[in-house]
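Comments concern the structure below.
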Amino acid sequence: MVRRKEGSITVFLTMAGMLIFAMIGTMVEIARFGICANHAARTLRTSTEALLTEYSRPLYENYGLFFLEQAGTPYETVIARYAGDTMEASEGGKMDLLRGTFREISVTERVCAGDNGARALAEEITAYMERKLAKDQLNKFMKKTDEMRETEGEAKNIEKTVEEQEKLAQLDVLILEMMELIDGVSVSGGRVQCKPYFVKMFSQSEKAKAKEFGVTEAAVFQKMKKKLDFTPANWKRISIPVFLSKAKKAAEVTDQAVKAGERLQNKYRNICAGKGNAEKNGNDALVEHLVSKLPVLRGNLRVLKDTVFLLEKEPETEIVSRLNLLWKDYDTKSIVFDYTGINERGGAANPLDTLSGMWGNGILNLVCEKPDSLSKKTVSVPDSYASLYGEEKKDGEDYGERVREFAEEEKVNLSGVMDGRASYAWSEFCINSYISDKLSGYMEKSSIKGWKHRLSYQREYIIGGKKSDKANLEAVLNRILLIRTAVNFSAIYRDAGKKGEAYTAAAAIVGFTGMEPLIRLTQTLIIVAWSMVESLVDIAGLLQEREVALIKNPGQVLTSFTDLFILSGDAITKRAKKFPKAGKKSFGYSDYVKVFLFSIGSEKRRFRIMDVIQWDMHKNGYRSFQIGTSVCSLTVQGNMYFPARLFCLAPVGKLLGRDLRQYQSVCEISVSYI
């Protein structure tokens with residue numbers, strides 16, 4: 001019995017000891033598994049961070065940016081390689097409580113430079129520039145550009161003035177249009193001219209007289225007579241192909257005259273309805289006369305169309321009699337314009353004609369002292385990253401087209417140059433400062449030494465987005481031109497002498513019509529043209545690094561009225577030398593560029609920075625570099641297995657009722673350069 005009691009105690013103690021051992025082992029194993037999980041996450045993080053040390057060295061050394069290229073070896077393979085040394089068991093066969101194996105490593109998310117509107121690029125640039133910029137520099141820049149931002153209001157005022165004057169002169173403009181279509185008469189370049197095709201171009205008398213065409217001014221009729229066709233005076237000598245061609249073109253002009261007359265009629269009715277019983281102005285009688293003669297124009301148009309049909313369809317033997325009968329209804333007497341005051345030389349030359357002629361070669365030949373020395377570099381596909389990442393492709397407005405429209409069609413469109421600008425936030429200022437520091441421009445070199453550039457005017461490319469250096473420089477200069485035009489208009493308009501000269505010229509150009517609203521409109525357009533030429537001088541001065549006042553007073557205008565007719569690159573650049581040399585506080589060309597950078601949308605600006613960087617990397621031998629797919633942050637998931645140490649003991653396993661051989665730990669970490 002004693003032996004049985006002692007044996008029972010022994011079994012009991014053995015069983016109790018095994019339970020205690022199992023409990024202690026379980027606690028130790030659980031603690032070990034927790035340590036192993038932390039070790040796995042730490043190893044995965046350090047291994048991924050080790051991968052990020054393989055950033056593009058040329059990109060960092062030249063642009064200060066950390067990005068990881070996507071090379072041939074998968075990221076997972078590189079991370080596993082870095083993790084291998086840490087996770088392997090120690091040499092010598094000793095137990096390593098932290099030994100485990102990564103069964104799977106996968107990159108679940110990667111953020112590239114071009115993702116999310118190139119936001120990662122913007123963050124890196126901001127972080128880089130924050131180490132170089134002082135916080136008060138943004139405020140200093142904003143104070144420097146306050147006056148420039150006010151020019152937008154001046155531009156809108158000019159457009160409003162022209163719009164109001166055009167409304168007042170709309171009847172006058174239509175009268176001049178009808179004058180040119182019906183009588184063929186126009187005054188241009190200081191001369192009375194007659195168009196080759198007009199309503200009254202056919203004479204039914206061998207000896208045409210002015211009264212037969214409703215013309216009372218000899219100088220005008222002498223010009224008209226040279227363009228007349230005398231075939232209707234004697235149909236027997238008709239050359240059917242020649243006259244048929246003239247009749248078709250005359251019919252087109254007559255149709256235009258009818259439509260112009262109908263527009264005149266509608267506008268006049270609207271104006272009369274608005275005026276009520278108000279007193280009529282001096283042109284109302286002429287308007288009423290032209291409106292009453294619309295049936296004459298329609299009758300002439302019918303004669304011309306019937307003539308064309310007759311010449312194309314009828315036998316030649318029956319033509320003469322038919323034409324004689326048909327042309328009895330052709331009226332050249334009824335519609336009369338008053339040309340009193342016009343003479344053989346006509347009015348003064350119109351500066352707008354000169355501006356139109358010189359603009360064909362673009363702005364560069366007018367403001368650059370040596371246009372032949374400009375960069376001829378080009379790229380094949382501008383805005384390539386904007387297109388690649390789904391940014392809506394817009395070539396950007398051609399501000400030079402605004403100048404051409406003004407010169408050729410007298411359309412005044414000066415505002416909106418500063419519209420769409422990004423906010424003057426610190427992050428935007430950092431990006432623009434980065435552009436000024438790292439990218440080259442027309443007047444400034446890049447801070448990167450010994451680095452080749454695909455485009456030389458890279459800052460201008462960020463603004464213009466064109467395929468050539470010349471086109472991008474031209475885009476910037478055209479923007480400056482529109483801003484300066486608004487500034488100079490104010491200075492010239494406030495000068496009583498210059499304003500008077502413009503009125504005198506306007507009266508000489510269209511004053512013979514007696515249309516005061518049209519004279520005022522022409523005066524305003526002449527001042528706009530004057531302001532535009534003065535702006536060309538301003539730009540030439542900026543490119544010569546001279547002091548050009550941001551806001552001018554009348555005494556600072558260098559262009560005289562006579563200078564408007566001598567437009568050449570030599571004349572403009574020579575006049576610009578009258579400006580003094582620029583000082584440290586001058587608002588120069590580079591300041592305009594900085595302001596324009598804010599007017600470019602944030603995403604488009606970032607994508608264009610990417611374009612420039614990639615082009616230059618390729619230019620310098622790194623042909624496979626793709627900044628768009630270069631990575632700045634990674635999210636990595638690791639699946640690791642650790643062998644069990646204590647749970648795998650046979651007694652413990654039997655006691656627990658399970659055979660646990662390994663432990664799985666799944667972890668996910670994110671790392672980035674920022």
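Side-chain atoms of Asn300 never come within 3.5 Å of backbone atoms of Thr254 as a donor-acceptor pair (strictly under, hydrogens ignored). Listed for the Asp183 side chain is no donor-acceptor partner under 3.5 Å among the backbone atoms of Val185. Not one N or O on the side chain of Ser490 forms a donor-acceptor pair closer than 3.5 Å with the backbone of Ala486. Checking side-chain atoms of Glu177 against main-chain N and O of Ala260 turns up no donor-acceptor pair under 3.5 Å. With hydrogens and angles ignored, the 3.5 Å screen pairs a side-chain donor or acceptor of Lys200 with a backbone N or O of Ile335. In this structure a side-chain-to-backbone donor-acceptor pair under 3.5 Å is present from Ser468 to Ala471. A donor-acceptor contact shorter than 3.5 Å is absent between the side chain of Asp495 and the backbone of Ala491. Gln523 places a side-chain N or O within donor-acceptor distance of the main-chain N or O of Lys499, the cut-off being under 3.5 Å. No donor-acceptor pair closer than 3.5 Å links the side chain of Ser245 to the backbone N or O of Pro241. Of the possible polar contacts, none joining the Asp255 side chain to the Glu252 backbone as a donor-acceptor pair under 3.5 Å is found.
Within a 6.0 Å radius of OH in Tyr493, no more than 12 heavy atoms belonging to other residues, nucleotides or ligands are found. In this structure, Arg302 places its CZ atom where only 12 or fewer heavy-atom neighbours from other residues, nucleotides or ligands lie under 6.0 Å away. The 12-atom threshold is exceeded at NZ of Lys376, counting heavy atoms of other residues, nucleotides or ligands nearer than 6.0 Å.
Closest approach of Val336 and Gly214 over heavy atoms only: CG1-O, 3.4 Å. A pairwise comparison of heavy atoms in Asp229 and Lys246 identifies OD2-NZ, 2.8 Å as the closest pair. Smallest separation of non-hydrogen atoms from Leu181 and Val253: O-CG1, 3.4 Å. Across Lys552 and Phe579, no two heavy atoms sit closer than the pair NZ-CZ, 4.0 Å. Among all heavy-atom pairs drawn from Met201 and Ala250, the shortest one is SD-CB, 3.8 Å. Heavy-atom minimum distance, Ala576 versus Gln544: CB-NE2, 3.9 Å.
The CG atom of Leu567 sits 11.5 Å away from atom CE of Met532, with the distance rounded to the nearest 0.5 Å. Separating the CG atom in Leu536 from the CD1 atom in Ile572 is a distance of 4.5 Å, to the nearest 0.5 Å. Here CE of Met178 is found 12.0 Å from CD of Gln256. Values are rounded to the nearest 0.5 Å. Residue Leu325 holds its CG atom at 10.5 Å from CG of Leu310, rounded to the nearest 0.5 Å. Separating the CG atom in Asp329 from the CG atom in Asp331 is a distance of 9.5 Å, to the nearest 0.5 Å. Summarising the geometry, atom CG belonging to Leu521 is positioned 13.5 Å from atom NZ belonging to Lys167; distances are rounded to the nearest 0.5 Å.
With 3.5 Å as the limit, one finds a donor-acceptor pair spanning the side chains of Trp327 and Thr307. Asp570 and Ser568 are not linked by any side-chain donor-acceptor pair at a separation below 3.5 angstrom, with hydrogens and angles left out of the test. Between the side chains of Asn488 and Thr485, no donor-acceptor pair is found at a separation under 3.5 Å. A donor-acceptor pair shorter than 3.5 Å can be found between the side chains of Ser560 and Thr562. One side chain, Tyr461 or Asp611, offers a donor N or O that lies under 3.5 Å from an acceptor on the other. With 3.5 Å as the limit, one finds no donor-acceptor pair spanning the side chains of Lys467 and Thr378. Thr559 and Arg575 form a side-chain donor-acceptor contact under 3.5 Å, judged by distance and modelled atom types alone. Side-chain atoms of Asp469 and Ser375 form a donor-acceptor pair, as typed in the model, at a separation below 3.5 Å. There is a side-chain donor-acceptor pair under 3.5 Å between Glu159 and Ser415.
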- Task: Would you sort out whether Glu217 and Lys211 count as a salt bridge (Lys or Arg N to Asp or Glu O under 4.0 Å), showing the intermediate values?
- Result: CA-CA 10 Å; Glu217 190 69 32; Lys211 65 179 182 179; over 6 Å; no

- CA sep, side-chain torsions, deciding dist, call: Leu481, Tyr399, side chain to side chain contact (heavy atoms under 4.5 Å, CB included): CA-CA 9 Å; Leu481 177 68; Tyr399 292 97; over 6 Å; no

- Show your working on side chain to side chain contact (heavy atoms under 4.5 Å, CB included) between Cys368 and Leu374 and close with a plain yes or no. CA-CA 9 Å; Cys368 298; Leu374 294 173; 4.2 Å; yes

- Task: For salt bridge (Lys or Arg N to Asp or Glu O under 4.0 Å), just list the numbers for Glu369 and Lys577, CA-CA rounded to whole Å, side-chain angles, deciding distance to a tenth of an Å, and then say yes or no.
- Result: CA-CA 11 Å; Glu369 289 188 284; Lys577 295 184 185 298; 2.6 Å; yes

- Chi angles and distances behind the side chain to side chain contact (heavy atoms under 4.5 Å, CB included) call for Tyr503, Thr522: CA-CA 8 Å; Tyr503 183 86; Thr522 305; over 6 Å; no

- Message: Pair Phe406, Asn413 - check side chain to side chain contact (heavy atoms under 4.5 Å, CB included), show working.
- Response: CA-CA 8 Å; Phe406 170 72; Asn413 185 6; over 6 Å; no

- Task: Show your working on salt bridge (Lys or Arg N to Asp or Glu O under 4.0 Å) between Glu262 and Arg298 and close with a plain yes or no.
- Result: CA-CA 11 Å; Glu262 291 170 348; Arg298 294 189 182 105; 3.3 Å; yes

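Arg404 has a carboxylate O that lies under 4.0 Å from a charged side-chain N of Glu401, or vice versa, which qualifies the two as a salt bridge. Ion pairing between Lys470 and Glu474 fails under the 4.0 Å rule for side-chain N and carboxylate O. The pair Glu180-Lys195 meets the salt-bridge criterion, since a charged nitrogen lies less than 4.0 angstrom from a carboxylate oxygen. Using a 4.0 Å cut-off between charged nitrogen and carboxylate oxygen, Lys248 and Glu312 count as a salt-bridge pair. Taking the charged nitrogens against the carboxylate oxygens, Arg484 and Asp538 do have a contact shorter than 4.0 Å, which makes a salt bridge. Salt-bridge formation is not detected for the pair Glu460/Lys466: no Lys NZ or Arg NE/NH1/NH2 atom is positioned less than 4.0 Å from an Asp or Glu carboxylate oxygen. A salt bridge links Glu206 and Arg237; the closest N-O separation between the charged side-chain nitrogens and carboxylate oxygens is under 4.0 Å.
Note: Phe202 and Tyr330 have perpendicular aromatic rings, judged against thresholds of 30 and 60 degrees for the angle between ring planes.
Annotation: side chain of Val476 is not in contact with side chain of Tyr592 (no heavy-atom distance under 4.5 Å). At a threshold of 4.5 Å between non-hydrogen side-chain atoms, the residues Asp338 and Leu286 do not count as touching. The shortest distance between side-chain heavy atoms of Phe230 and Gln204 does not fall below 4.5 Å. Considering only heavy atoms from C-beta on, Leu290 stays 4.5 Å or farther from Leu174 through its side chain.
Residues forming a ring pair (Phe, Tyr, Trp, His ring centres under 6.0 Å) with Tyr197 (at least two apart in sequence, or on another chain): none.
Among residues at least two apart or in separate chains, ring pair (Phe, Tyr, Trp, His ring centres under 6.0 Å) pairs with a member in residues 552-577 are Trp530-Phe561, Phe561-Phe565.
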